[in-house]
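Structure first, commentary second.
In what follows, chains are A, B, ... by sequence order, proteins preceding strands, each numbered from 1. Worth knowing before you read on, the calculation uses all heavy atoms, side chains too, and leaves out hydrogens, waters and symmetry mates. In this text, all values refer to a predicted model and were calculated from it rather than measured experimentally.
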Amino acid sequence: MQRHDMAGAITTRLLDWYDVHARRLPWRIGPGDRRAGIRPDPYRVWLSEIMLQQTTVAAVKSYYADFLSRWPTVDALAAARDEEVMAAWAGLGYYARARNLLACARAVSAHGGAFPGSAAGLRDLPGIGDYTAAAIAAIAYDEQVAVVDGNVERVVSRLELIQTPLPAAKPAIRLAMQALTPPDRPGDFAQAMMDLGATICTPRRPACTICPVVEPCAARASGIQETLPVKAPKAEKPLRVGAAFVAEHPRLGAILLRRRASTGLLAGMEEPPMTGWTARVDGVTDITAAPFAAEWTLAGTVEHTFTHFRLRLSVWHAETGAAAPDGMWWQPFDGLGDRALPTLMRKCIARALDPERPVAKR
DNA sequence: CATGCGTGGCA
DNA sequence: TTGCCAAGCAT
């Protein structure tokens, strides 16, 4: 099939640019390896792509290294305990990804340990949607398939001057990306588009002067590149409030923890006991909601922003030698790093144990 | 098709 | 400081 000259020009320029400027990332093979016919390990591509869903490269790097070190193959990951994987994922966010990761590993392992060999087959696995299936197939199998993520939506809408608002523009963007994707090196092309979007064709202040495809860019020609893609305005995030209770057992050197419900927000993760989170700003800091009677003192507040609301928690602290209530346990301090504690919960614990200091990261 | 689902970095 | 949003998926 003859490709249009414009499409061919964009593809060629981007691949040439990628050969020089490709970001060196732990899950990528080197250009020399690619030319030698070496293909990336589908397991590593898959692991990196799941972690990269809505998550920055900088945040992923240490988690990727840790997972690959602990579980070098899909069979090793499939054999891991749920709790071990959730704890390893703690802090990275979107915890359904970790549950789906394990479910996917076990499905693949149960069928001989080889990932499906096409985007269509990959798409049926848990945690793998249109984007991830296409990305793995293009990168690991050289399948000529359109890989469309947020970067590609932005780059393509600018190149082709697609002014329809998202998400209505998605079909047109996918068609345009399909027309640009070459039969040779489709994976490199997809990664080139994503690298371009991450480093040059950025949401704000795109660096058009150093862009390898500035000449064929229709939005740049019109001077409206910064207005694309058009998106519907986002609803503002309401404030919810609540109270967390960090009970400390001085003799054991431990704090009281429990496990959250298996569905919903932070599903299956662990936490200190706390109230529900309500949109009502009054009353919820009431210490009558504490897990047991003790000399509770207010250590401070913790604020955290989720996808669709902001949360302000009053953090209470008490020392006690009481037995752990049903469904809770005394967790020794020296094991906290290995628990499935989301960032929010680590903030609460840090605030309670040292009200003066700023909250430390994981 | 709209909504729920985390977190950290950056302008 | 506040808002924005990054290599999306499931329902």
Show your reasoning for whether ring-ring contact (aromatic ring centres under 6.0 Å, His included) applies to A:Trp296 and A:Phe245. CA-CA 8 Å; A:Trp296 293 101; A:Phe245 299 93; 5.3 Å; yes
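- Non-hydrogen atoms lying under 4.0 Å from DNA chain C are contributed by nothing in residues 158-168 of chain A.
- For A:Arg204 and B:dC10, the CZ to P distance is 12 Å, given to the nearest whole Å.
- For B:dG8, the OP1/OP2 oxygens have no side-chain nitrogen or oxygen of A:Thr55 closer than 4.0 Å.
- Atom-to-atom, CE of A:Met193 to P of C:dA6 comes out at 15 Å; the value is rounded to the nearest Å.
- OP1 or OP2 of C:dC9 lies within a sub-4.0 Å distance of a side-chain N or O belonging to A:Thr132.
- Distance, A:Ile136 CD1 to C:dG8 P: 13 Å, rounded to whole Å.
- In terms of heavy atoms, A:Ala90 sits closest to A:Tyr95 at CA-CE2, 3.9 Å.
- Side-chain nitrogen and oxygen atoms of A:Gln53 include none within less than 4.0 Å of the OP1 or OP2 phosphate oxygen of C:dG8.
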Start with the C-alpha gap between A:Arg185 and A:Asp19, add the side-chain angles, then the distance that decides, and say whether salt bridge (Lys or Arg N to Asp or Glu O under 4.0 Å) holds. CA-CA 11 Å; A:Arg185 303 181 65 189; A:Asp19 284 337; 2.8 Å; yes
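- In this model, no side-chain donor or acceptor of A:Thr56 finds a partner on the base of B:dG9 within 3.5 Å.
- Comparing A:Arg205 and A:His304, the nucleotide of DNA chain B nearest to each residue sits closer to the 5' end for A:His304.
- Among the atoms of the strands shown, base atoms are found under 4.0 Å from some heavy atom of A:Thr307.
- Here C:dC5 is the nucleotide among C:dC5, B:dG6, C:dA10 with the atom lying nearest to any side-chain atom of A:Lys237.
- For the atom pair NE2 of A:His304 and CZ of A:Arg240, the computed distance is 13.0 Å after rounding to the nearest 0.5 Å.
- Interatomic distance, OH of A:Tyr131 versus CD of A:Glu153, reported as 11.5 Å (0.5 Å rounding).
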Stepwise salt bridge (Lys or Arg N to Asp or Glu O under 4.0 Å) check, A:Glu215 with A:Arg13: CA-CA 10 Å; A:Glu215 291 91 349; A:Arg13 284 165 191 254; 3.0 Å; yes
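- Rounded to a whole angstrom, the distance from the P atom of C:dC9 to that of B:dG8 is 22 Å.
- Rounded to an integer number of Å, the gap from CH2 of A:Trp277 to C1' of B:dG6 is 11 Å.
- Phosphate contact (OP1/OP2 of B:dT7, side-chain N/O of A:Tyr95, threshold under 4.0 Å): present.
- Heavy-atom nearest nucleotides on DNA chain C were determined for A:Pro203 and for A:Ala133, and the one closer to the 5' end corresponds to A:Pro203.
- In the model, A:Gln53 has a side-chain atom that pairs as donor or acceptor with a side-chain atom of A:Thr132 under 3.5 Å.
- Protein atom CG of A:Leu52 is 9 Å distant from nucleotide atom C1' of C:dA6, rounded to whole Å.
- In this structure, A:Leu92 places its CG atom 11 Å from C1' of B:dG8, rounding to the nearest Å.
- OP1 or OP2 of B:dT3 has not a single side-chain nitrogen or oxygen of A:His308 nearer than 4.0 Å.
- Here A:Arg310 lies out of heavy-atom contact (under 4.0 Å) with every strand.
- Separating the NZ atom of A:Lys61 from the P atom of B:dG8 is a distance of 17 Å, rounded to the nearest angstrom.
- With A:Trp316 as the aromatic partner, A:Arg351 does not meet the cation-pi criteria of under 6.0 angstrom to the ring centre and within 45 degrees of the ring axis.
- A:Trp89 has its CH2 atom 13 Å from the P atom of B:dT7, to the nearest Å.
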